[in-house]
Amino acid sequence: MKIILLIIISVFITSCQFENKGDIGALPIDSTNVLLADKKELKKIEQIKVLKNIKVGSYFQFMDSVVSKYDTLVPYSLTEHLLVRNNPWIIDTLAHTDYYRMMARDSFVYDQKQMIVLPKGSKLIVPDSLVACKILEEFATTEIDVNIPEYKLRIYQDSVLLETFPVRVGQYRERYLKFGDRVTDLRTKTGKGTIVRHAKHPDFYNPVNGKRFYITRRDDGKTTMMPQIPWIETEINNIRNGQMIHPTTNPKTLGKAYSNGCIGLGEGDAWRVYYYAPLGTKLRIRYDLETYDEGMVISVLRDVYHLTDDEKD
């Protein structure tokens, strides 16, 4: 019995071993890169106390500083995604900065960047190596799936459906875009790929005329500053074509072919997708007109792009 137990422990340690404590965010996700921690040592740093109120505008700077400081104290590569997934209340707090959620509570927010998301006195729990290994395995088996004519983005983990979000997709038209200095097919491209970049502090430009903007007109007619929510860059079929997954400040456009090719989400949903999508996360964008349940066709969708069978993915 002791021999069997030792073999099991040895196999687990081998499968969760770090050879290089580089930035895991810059590499394909690999859940085999964690070493079991010395629990006594980790006990000293398992809780990080927030010493002052952290607003959305300084949130990423704060998180980067925490990761930089504590990464050297744990035997695995600590990342923002790993830390936040171990503290899921942060995701909930960020999601509730959604303008429309705040308005539903009769709270008008002009500048989302001024909202407090990490209150003074709150605590962040640093995962031990067993938990870190589990989260990294979850990252490695996560896939983001988008079905264009269904206007749905789904998150699967080990083929199990975790989340479903409404999205908007590219328009069925061609248009001149200043950014590309050419006429561009605005339909969202299909294929398989990965998440290759996060724009944590996005700048906002009108792709048609190239002019930068800072404010947005909401569905209710009110004007606010643009929120700070990460944009996610995709690589599809080994091509970076500028197709992003990002929030929209006008959720009335969800469920429509409305964008210039990007995949748009509600603000709160965009935060949730971001924390399921570290760099290297698998992505599939498809064009399936039939939806299935238990192997049976349950609905046939409208062909919004009027594609031929050869063009459908």
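For the numbers below, each heavy atom of this structure counts, side chains included, while hydrogens, waters and symmetry mates do not.
Residue pairs meeting the side chain to side chain donor-acceptor pair (under 3.5 Å) criterion with at least one member in residues 156-165, sequence neighbours excluded, do not occur.
Proximity of a side-chain donor or acceptor of Ser107 to a complementary backbone N or O of Met103 within less than 3.5 Å is not detected. Listed for the Asn250 side chain is no donor-acceptor partner under 3.5 Å among the backbone atoms of Lys252. Side chain of Thr281 to main chain of Ile195: no donor-acceptor pair is present (N/O by atom type, distance under 3.5 Å, no hydrogens or angles).
Taking all atoms of both residues into account, the shortest heavy-atom contact from Gly121 to Lys49 is CA-CE, 4.1 Å. Considering all non-hydrogen atoms of both residues, Gly264 and Leu254 come closest at O-CD2, 3.5 Å. The two residues Asp220 and Lys222 make their nearest non-hydrogen contact at OD1-N, 3.0 Å.
Under the 4.5 angstrom side-chain criterion for Ile, Leu, Val, Met, Phe, Trp and Tyr, the cluster partners of Phe204 are Phe213, Met226, Trp231, Met244. Clustering of Ile, Leu, Val, Met, Phe, Trp and Tyr side chains at separations under 4.5 Å places Leu177 together with Leu186, Val208.
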Chi angles and distances behind the side chain to side chain donor-acceptor pair (under 3.5 Å) call for Asp71, Tyr76 | CA-CA 7 Å; Asp71 178 53; Tyr76 56 84; over 6 Å; no

Worked check of side chain to side chain contact (heavy atoms under 4.5 Å, CB included) between Leu83 and Tyr70 | CA-CA 10 Å; Leu83 182 59; Tyr70 289 94; over 6 Å; no

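With sequence neighbours left out, the ring-ring contact (aromatic ring centres under 6.0 Å, His included) criterion links His198 to His81, Tyr274. In this view, Tyr205 and Phe179 satisfy the ring-ring contact (aromatic ring centres under 6.0 Å, His included) rule, not counting sequence neighbours. Taking the ring-ring contact (aromatic ring centres under 6.0 Å, His included) definition, one finds that His201 meets it with Phe60, sequence neighbours left out.
The number of heavy-atom neighbours closer than 6.0 Å to CD of Gln114, taken from other residues, nucleotides and ligands shown, is above 12.
Under the 6.0 Å distance and 45° angle rule, Arg85 does not count as a cation-pi partner of Tyr275.
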